Amino acid sequence: MLFTFLKRFGWMWVSVLLQALILNNIHFFGYATPFLYVYLLLKFDANISRYALLLWGFFMGLSIDIFSNTPGVNAAAATLLALARPFLIKLFAPRESPDDMEPGFRDMGAGPFMRYTTVSLLIHQTTLILLVTFSFAHPGAMALKIVGSTLLTALCIAAIESIRK
Amino acid sequence: MRNLLDFLFKYGYWLLFIALESISLLLLFRFNNYQGSIGFTSANRIVGDIHALSAQVSSFFTLKEANESLVQYNLTLETENEMLRKVLRNLTTDDSIIVQQLEELRQDEVFHTVPANIISNSLNNRDNYLTLNKGAIDGIRPEMGVICGNGLVGIVYMVSEHYSLVISLLNSKSSISCKFKHNDYFGYLKWEEGDSRYAHLEDVPRHALFQQGDTVVTSGHSSVFPKGLMVGTVEEIEDSPDGMSYQLGIRLSTNFASLDNVLVLANRHAEELDRLEHITKEEP
């Protein structure tokens, strides 16, 4: 129990630092930024309690926010994703998968996992961009950012998954 | 009662969700209009230290560029110095008057500078902030101006003991009074999300005299920046949306993508101004 917590805590810090110090500075064509810290949120075991998931999401988002001077933005987006995650898993995971599976290529299959990842990233990115811009003045640029970051992040996640598999 | 407990156990995570989202939104809005949330920014002690470390590593890779730009800047200053000296020599034979005037100028100088390094910077958000490695201990206070060798950088927003958070020019909250170098027509420098090399000069009156390529400098109307600091050049001339004034596209002279060393302009009268503000606040 404690071991799992410490492991998750360690990974959280690794991904927060990676996100805040390196990935946040990447802007492909000015639109696409990889949000790899979401990957950690997607990888928690399927039977984790909803409370724990919400708290993990919130604190991970908050740490990113503190680093990048966007208080509350990532926290709100990650918490919303944490709320939606159990429903998404139910929606995309194959029927016969065990309760305590770890979402990924191995336990879910590549297709379902990528669908689950893409929808999750879309939820996260939409919330994030809406909170950051707080207006509908440039809907085209906003949509480009959401789609660009989602695709780039999904691509990175697919690469990591296929290596880890 | 049992039903209630069952219900809470089953759906309580919605309550937790609502609580967490409220905290997030509270942080978001508080940060936007209340200067008390320094702990939740990159100027907080631990996060500042981590950023400083990462900046040290990355500045190592840009040393060469920084060096070249410094040499370039040094050269321009040297030629300017030479020119000024020549002018000074030709101006008058009575040295004492000049010396006296210089002395007066020096005493009159309201601003002194504190050099600082940028430890975190962003360009691509709607509201961009910089973090500096100098804070309250080094005499930095909110509302101080920040410049670099080529032009303006921003205004200090919050300070912690060792770090400070600066609202960059590339921030929707930033609005700086600027004028043309060769006359006194002024406008406000604003920035919209997008290109970090261009900003807008708004509210320039219709009868103002200027043309493309004119230099824009600070107006000195506020206590943040002295008069005459380089801001950029006029690149585009457009009408404002309401047609009542001009909206100029300004090419900024500051290169925000490769900033490292900056100067904070400490107003010598800041403490006096602080005290004055304090008095007005205390009065009902």
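In what follows, chains carry the letters A, B, and so on, assigned in the order in which the sequence lines appear, proteins first and then strands, with residues in each chain numbered from 1. These figures come from a predicted structure and were not determined experimentally.
In this structure, chain B has a heavy atom under 4.5 Å from the side chain of A:Leu62, while its backbone stays farther away. Contact of A:Asn25 with chain B is made through the side chain alone, with heavy-atom distances under 4.5 Å. At a 4.5 Å heavy-atom cutoff, the contact between B:Asn121 and chain A is made by backbone atoms alone. For B:Thr131, the part sitting under 4.5 Å from any heavy atom of chain A is the side chain, from C-beta outward, and nothing else. Using a 4.5 Å cut-off between heavy atoms, A:Leu54 contacts chain B through both its backbone and its side chain. Proximity to chain A is absent for every atom of B:Ser122, based on heavy atoms less than 4.5 angstrom apart. For chain B, the nearby parts of A:Leu80 are the backbone and the side chain; heavy atoms of each come within less than 4.5 Å.
Aromatic ring orientation, A:Trp56 versus A:Phe9: tilted (interplanar angle from 30° to 60°).
A:Phe59 approaches A:Met12 most closely through the heavy-atom pair O-CE, 4.0 Å. Here the shortest heavy-atom pairing between B:Ile119 and B:Ala52 reads CG2-CA, 3.6 Å.
Partner of B:Leu152 under the side chain to side chain contact (heavy atoms under 4.5 Å, CB included) criterion, chosen from B:Leu229, B:Leu252, B:Val146: B:Leu229.
Cation-pi geometry between A:Arg50 and A:Phe87 is met: under 6.0 angstrom from the ring centre, within 45 degrees of the axis. The cationic group of A:Lys43 lies under 6.0 Å from the six-membered ring centre of A:Phe113 and within 45° of the ring axis, placing it in a cation-pi geometry.
Of all the listed residues (A:Leu17, A:Leu55, A:Ile22), the one sharing the greatest number of non-hydrogen pairs under 4.5 Å with chain B is A:Leu55. Most heavy-atom pairs under 4.5 Å with chain A: of the set B:Leu20, B:Asn128, B:Val47, B:Ile50, this distinction falls to B:Leu20. Ranked by heavy-atom pairs shorter than 4.5 Å toward chain B, the options A:Gly72, A:Ala82, A:Ser49 are led by A:Gly72.
Judged by distance alone, with hydrogens and angles left aside, the side-chain atoms of A:Thr33 form no donor-acceptor pair with the main-chain N or O of A:His27 at under 3.5 Å.
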